[in-house]
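For reference, the structure is listed below as structure tokens.
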2 protein chains.
Amino acid sequence: MTDTTAIKVGETSRRAVGRDGVLDIAARLFREQGYGSVSLRKIAEAAGIKAGSIYYHFGSKDEIVAAVLDAGIQVVHESMREAVTALPSDTDGETILRTAIRAHLRALLDVSDYTSANVRIFGQVPQPVRDANLPTRRAYEAEWDRLLSRLQNDGALKHDVDIRQLRLMLIGTLNATLDWFDPNRGSADALSRTYADVFLNGILERQDT
Amino acid sequence: MTDTTAIKVGETSRRAVGRDGVLDIAARLFREQGYGSVSLRKIAEAAGIKAGSIYYHFGSKDEIVAAVLDAGIQVVHESMREAVTALPSDTDGETILRTAIRAHLRALLDVSDYTSANVRIFGQVPQPVRDANLPTRRAYEAEWDRLLSRLQNDGALKHDVDIRQLRLMLIGTLNATLDWFDPNRGSADALSRTYADVFLNGILERQDT
DNA sequence: CAAAGTACCTAACATATGTTAGTTAGGCAG
DNA sequence: CTGCCTAACTAACATATGTTAGGTACTTTG
């Protein structure tokens, strides 16, 4: 539980939102409206506090954004790693890749405002903030590269595909979903199956059927 | 040629940039820095004029952005349509799709600041501006849907792939390239080949080889 | 050559924004 | 009860930004 101490002001009793509360709201607003449209006053209003109060928890707006960005990658990174680790050790390559794709898409579309906010606003934040997020990103990318390389060495993937290129294409495709996905029209799981089908087998009609 | 009338101010003679010149520079800045970071004063400075002068050509900042967005789609739309139309009438489905992919990627990465600016900033602009760009977008999307449907009806593509879904996935994948592509590390054409290979045949090692 | 038009400039205004300084109030350890 | 910590609040400042009004200079047209 977050340590939310109750505070009485005047007659009504307010609940302290605290650092985590502010961060949650910031992540949601960033995901919904992008970086530039979300001012500290908007975040404060949504959190039920005043703009200046944010500076009790954070040193600057950039610090908030940086925290959101880092958390966003960490969530999807752990989701993906745990989903793959939880598989039986004799799982075939195709299933492993499908599992990783599904985990990434779930974090992005279902689970985390932080992950979706990261994907949405990374290209909009000032460069110092972007740079600060890079190490965390690289760690997640390395996780994918290890996974894909393992599958390729095991003979599951074609040997002539470039791992880095494939990873960029994969994550790029998954993340692009955020621009159009409507939870009322489909589920992350169904979509991840479609994606995996295309990536694994292609869309070309085969002669050998 | 653009109708650039020469203007003498003081001793040095300046070249009038005009509406098109301002638009070109705006597109480039939007592509490089995103929507929020590009002020009218930045555009003006890059164009060699003063901020207020922009209002001789445009009624508002939104009008500039809207013009950039529309032009961006129109360029890639015409590129793609013409590239496909230029093919011999007996061209096979695979080649047609490869051609369309290459045309889109060229417009995005090589040719047009307008197209890349559109992809980059569409998610950042105020909603009225986004809405104004929607008809142009829908026309381009319809072009893709027609193309893909034709290929599917001709038996080139699997019958169980949803055209809308495939189009979203395809364009999403291509556009995501903008986030990481480095022209010094690869060409749009080479990349379009890689993309097409994956989309057409998948990455799974086949048993029948 | 005068008039009209084009493409700019200067200066200012209102607003929004990130940020800071100083203040207030409840909870709790001594 | 006192004093400290936490978590807020109020008010203000400097800056950046979109925008407007009125003026200037060069070009083209009648």
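In what follows, chains carry the letters A, B, and so on, assigned in the order in which the sequence lines appear, proteins first and then strands, with residues in each chain numbered from 1.
The side-chain contact (heavy atoms from CB on, under 4.5 Å) search around Thr136(A) returns Asp70(A), Ile73(A), Gln74(A), Asn133(A), not counting sequence neighbours. Shown here are the side-chain hydrogen bond (donor to acceptor under 3.5 Å, both in side chains) partners of Asp62(B), two or more places apart in sequence or in another chain: there are none.
Look at His57(B) and you won't find any side-chain N or O under 4.0 angstrom from OP1 or OP2 of dT6(C). OP1 and OP2 of dA8(D) both lie 4.0 Å or more from every side-chain N or O belonging to Tyr56(A). The phosphate of dA8(D) has neither OP1 nor OP2 within less than 4.0 Å of any side-chain N or O from Lys50(A).
For residues 108-137 of chain A, the set of pairs meeting the ring pair (Phe, Tyr, Trp, His ring centres under 6.0 Å) definition, not counting sequence neighbours, is empty. Evaluation of the ring pair (Phe, Tyr, Trp, His ring centres under 6.0 Å) test over residues 41-79 of chain A, restricted to residues two or more places apart or in two chains, returns His77(A)-Tyr140(A). Each salt bridge (Lys or Arg N to Asp or Glu O under 4.0 Å) pair with one or both residues in residues 181-191 of chain A, not counting sequence neighbours, appears once here: Arg106(A)-Asp189(A).
Gln152(A) and Lys158(A) share no donor-acceptor pair across their side chains, judged by distance under 3.5 Å alone.
The interatomic distance linking Ile54(A) (CD1) with dT10(D) (P) rounds to 14 Å, in whole Å. dT6(D) atom C1' lies 13 Å from atom CD1 of Ile49(A), rounded to whole Å. Between Phe58(B) atom CZ and dC8(C) atom P the separation is 11 Å, expressed in whole Å.
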Legend entry - B/S/- contact track for nucleotides 15-22 of chain C, protein heavy atom under 4.0 Å: --BBBB--
